[in-house]
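Down below is the structure, laid out as structure tokens.
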Amino acid sequence: TQPAVRAILDNVPAMISYWDRDLRNRLANVGYQEFFGKTAGELPGMHLRDVLGEELFPRNAENVERVLAGERQTFERTSLDAGGVLRYIEVSYVPDIVEGEVLGFFALGTDLTDHKETQLGLRSALADLEQFSAVAAHDLRNPLIGIVGYADLLALTVPAVQDDPKTLGMVDQIRASARHGLTLIDNLLAYSSVAGSTAPAVHVDLDELVARVLRDVLDDADRSQVTLRPLGAVHADPVLVRNLLSNLLPHAPAYVWDGVMSRF
């Protein structure tokens, strides 16, 4: 069975080793040997300091001390492999306890480099998306704000519009559509920043927020059919809550609020 166990250890996609209380190596699989550039004949009996090196060993000293005190340790480290490539490693130290005595510890190392590099790539892409969204939102918001302003002027100052209900309704629709466009731009900004958002949750008055969203996404006729009942407040990110409401409200078949958004 010993050769079979050794074969399993050598084929596990991880770095596995065992160290006694004196920090002398007693076992190391092929993955561990290859990472540190040691042969199967070199490692047995080597001190952990000599394997990790003068730069890495002090960084792990506290974890070694704790595992020898019987505490399991899990942590992440960056380290150069035998080829000089920087790797991101998750390390677990597991104490070997027999009859209450710690005889040594097992070390398990998992290479997280590909995962970390993917994370860094996603963060870079997110930063680019946020920058693009900010520029696009600025360029798109200005014309829509102008449309809303001119529609307000038409409705307030032009008698021909004020005296013709049909024309006034068309102006109201233009105004509502432009406001909806502004809401969509706000949603774009919220979407682009949500993955990296660290905005703290705050007190959000749902009644006030819902009323504001309704003014943005519905015209007067549709709003007249809305029944609002007290919703109270929540502790949340107001931008994300507004984003949710802006997407749900225009598509809801009925607008009946009774303390919760039960119709959804």
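Numbers here simply count residues along the sequence, with the first being 1.
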Side chain of [X], backbone of [Y]: donor and acceptor closer than 3.5 Å?
X: Ser124; Y: Leu120; answer: no
X: Gln162; Y: Leu156; answer: yes
X: Asp20; Y: Arg26; answer: no
X: Asp81; Y: Phe35; answer: no

Considering non-hydrogen atoms only, spot the tightest contact between [X] and [Y] and give its length.
X: Pro95; Y: Gly70; result: CG-O, 3.7 Å
X: Asp50; Y: Lys38; result: O-NZ, 4.5 Å
X: Pro58; Y: Gly53; result: CD-O, 4.1 Å
X: Val102; Y: Arg21; result: O-CD, 2.9 Å
X: Arg77; Y: Asn63; result: NH2-OD1, 3.1 Å
X: Ala82; Y: Glu34; result: CB-O, 3.6 Å

Over 12 foreign heavy atoms within 6.0 Å of [atom1], [X]:
X: Glu71; atom1: CD; answer: yes
X: Phe57; atom1: CZ; answer: yes
X: Tyr150; atom1: OH; answer: no
X: Glu62; atom1: CD; answer: no

Does any non-hydrogen side-chain atom of [Y] lie less than 4.5 Å from one of [X]?
X: Phe36; Y: Leu52; value: yes
X: Val85; Y: Leu80; value: no
X: Val51; Y: Asn25; value: no
X: Arg179; Y: Val148; value: yes
X: Leu9; Y: Val5; value: yes

How long is the straight-line distance from [atom2] of [Y] back to [atom1] of [X], given to the nearest 0.5 Å?
X: Tyr88; Y: Glu117; atom1: OH; atom2: CD; answer: 7.0 Å
X: Ile147; Y: Asn142; atom1: CD1; atom2: CG; answer: 11.5 Å
X: Ile97; Y: Arg72; atom1: CD1; atom2: CZ; answer: 11.0 Å
X: Glu101; Y: Asp96; atom1: CD; atom2: CG; answer: 10.0 Å
X: Asn11; Y: Ile8; atom1: CG; atom2: CD1; answer: 9.0 Å
X: Thr78; Y: Leu112; atom1: OG1; atom2: CG; answer: 11.5 Å

Are [X] and [Y] grouped together when hydrophobic residues (ILVMFWY) are joined by side-chain heavy atoms under 4.5 angstrom apart?
X: Val12; Y: Tyr18; answer: yes
X: Met46; Y: Leu68; answer: yes
X: Leu108; Y: Leu103; answer: yes
X: Ile174; Y: Leu144; answer: yes
X: Met170; Y: Leu154; answer: no

Exercise for the section: Please work out which of the three classes, parallel, tilted or perpendicular, describes the rings of Phe105 and Tyr93, given edges at 30° and 60°. Expected result: tilted
Completion exercise
Test side chain to side chain contact (heavy atoms under 4.5 Å, CB included), reference Gln73, set Asn60, Val67, Val94, output is Val67
Handout entry: With Ser79, the side chain to side chain contact (heavy atoms under 4.5 Å, CB included) member among Leu86, Leu56, Val91
Key = Leu56
Practice task
Would you sort out whether Val234 and Leu206 count as a side chain to side chain contact (heavy atoms under 4.5 Å, CB included), showing the intermediate values?
Solution key: CA-CA 7 Å; Val234 294; Leu206 286 178; 3.7 Å; yes
